[in-house]
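Let me begin by presenting the structure, written as structure tokens, before commenting on it.
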Amino acid sequence: MSLYAAAKAVIAPATRVVWPQRVEGAAHVPPKGPVILASNHLALIDPLFIGVACRRPVRFIAKQELFDEGTLPRRLFARALRAIGQLSVDRRPGESAQEAMNNSLAVLEGGEVFGIFPEGTRSPDGRLYKGQTGLAWLALTTGAPVVPVALTGTERILPPGRKVPSLNRVGVRFGEPVDLSPWKDKAHKARPRREATDAVMDAIAKLSGQEQVPRFASSVKAELEQG
């Protein structure tokens, strides 16, 4: 983690100058032990702001596309992600699920902070969509506390189709760990996983003020692409 600290010492001040941040509730992240940060997802650049705002090192499982170095902003972003120890995952059918679960468990079993976007993809319209139950499986399997996180303003920095990031203020709000005790030892059951995931999504919505949508964002995106 010394490399992470060195990278953050350079990246964090620069990020705060370009995109001033208002951080609230950072003390809700336990100072040690495994922790899951579950956040809404508005932009590709979201992991960077959570990493800067959190006092502890945060590991994300990011899709390989985020490490694409096509344009200058993407090259800088990809290199920043690598510098702070982020992991890529192959999203091809049959590859991503098992690889992501194995990597996520390894992070938590190592006592680290794991960041996850339960919606699975960026919100297509700024609303908060249904969470994937892999979040609950991780939390209930490992016993790691889940801290909800709400991001605001990141969607205006690098929206789809924009090549040059814009300058905007960003908000990062951490909430109290979500009480998942009603579903303890039930990670193997589908209904408890769904209920626990919904509880986390409700906590994120209270922090972000977003309207909740009882659908998966990926399904809505597919429909939009098909016209």
Side-chain angles (χ1 to χ4, degrees), residues 25 28-30 32-42 46-47 50 54 56 58-63 86-124 127-151 173-208 210-223:
H28 289 309
V29 180
K32 60 182 180 180
V35 182
I36 298 173
L37 301 183
S39 175
N40 59 336
H41 198 11
L42 302 173
D46 288 345
I50 295 176
C54 185
R56 294 177 60 187
V58 185
R59 303 289 293 277
F60 285 91
I61 305 296
K63 61 182 181 180
Q86 306 314 298
L87 308 172
S88 64
V89 63
D90 188 340
R91 299 210 306 177
R92 290 176 298 175
E95 299 291 334
S96 62
Q98 189 59 52
E99 181 185 5
M101 286 298 102
N102 290 342
N103 289 338
S104 304
L105 281 175
V107 169
L108 292 170
E109 288 172 352
E112 299 181 62
V113 180
F114 175 63
I116 187 172
F117 300 106
E119 292 168 279
T121 186
R122 288 168 291 160
S123 170
R127 296 185 294 175
L128 186 67
Y129 283 79
K130 196 172 181 179
Q132 305 281 350
T133 59
L135 160 65
W137 183 85
L138 280 173
L140 298 177
T141 298
T142 64
V146 179
V147 174
V149 182
L151 293 166
R173 179 179 293 177
F174 298 89
E176 295 182 0
V178 181
D179 180 12
L180 299 182
S181 60
W183 304 283
K184 184 179 179 181
D185 299 326
K186 296 180 180 179
H188 60 292
K189 296 183 178 180
R191 184 171 179 178
R193 289 198 302 269
R194 167 48 54 201
E195 292 174 348
T197 300
D198 289 345
V200 174
M201 300 309 292
D202 288 345
I204 295 173
K206 289 180 181 178
L207 290 173
S208 69
Q210 291 170 282
E211 175 188 349
Q212 288 183 268
V213 181
R215 297 186 62 192
F216 291 112
S218 57
S219 298
V220 174
K221 282 188 172 182
E223 291 176 2

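- Side-chain contact check for Ser219 versus Tyr129: every heavy-atom pair is 4.5 Å or farther apart.
- The pair Lys186-Glu195 does not count as a salt bridge, with every side-chain nitrogen at least 4.0 angstrom from each carboxylate oxygen.
- With sequence neighbours left out, the salt bridge (Lys or Arg N to Asp or Glu O under 4.0 Å) criterion links Glu109 to no other residue.
- Contact check for Val113 versus Val147: no side-chain heavy atoms found under the 4.5 Å cut-off.
- Within the 4.5 Å cutoff, side-chain heavy atoms of Trp137 are placed close to those of Leu105.
- Residues satisfying the side-chain contact (heavy atoms from CB on, under 4.5 Å) criterion with Pro34, sequence neighbours excluded, are Leu108, Ala144.
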Item to complete: Would you sort out whether Gln212 and Asp202 count as a side-chain contact (heavy atoms from CB on, under 4.5 Å), showing the intermediate values?
Response: CA-CA 8 Å; Gln212 288 183 268; Asp202 288 345; 3.2 Å; yes
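- Side-chain contact between Val213 and Ser123: absent, with no pair of heavy atoms (C-beta onward) separated by less than 4.5 Å.
- Nearest heavy-atom pair, Lys221 versus Pro124, reported as atom, atom and distance to 0.1 Å: CG-CB, 4.0 Å.
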Practice prompt. Run the numbers on Ile116 and Ser104 for side-chain contact (heavy atoms from CB on, under 4.5 Å), then give the verdict.
Written response: CA-CA 9 Å; Ile116 187 172; Ser104 304; over 6 Å; no
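- Ser39 has its side chain within reach of Ile50: a pair of non-hydrogen atoms, C-beta onward, lies under 4.5 Å apart.
- With sequence neighbours left out, His41 forms a ring-ring contact (aromatic ring centres under 6.0 Å, His included) with Phe117.
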Practice prompt. May I have the step-by-step check of salt bridge (charged side-chain N to carboxylate O under 4.0 Å, His left out) for Arg194 and Asp198, ending in yes or no?
Written response: CA-CA 6 Å; Arg194 167 48 54 201; Asp198 289 345; 2.9 Å; yes
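- Within a 6.0 Å radius of CD in Glu223, more than 12 heavy atoms belonging to other residues, nucleotides or ligands are found.
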Practice prompt. Please lay out, stage by stage, how Leu42 and Gln210 fare under the test side-chain contact (heavy atoms from CB on, under 4.5 Å).
Written response: CA-CA 11 Å; Leu42 302 173; Gln210 291 170 282; 3.8 Å; yes
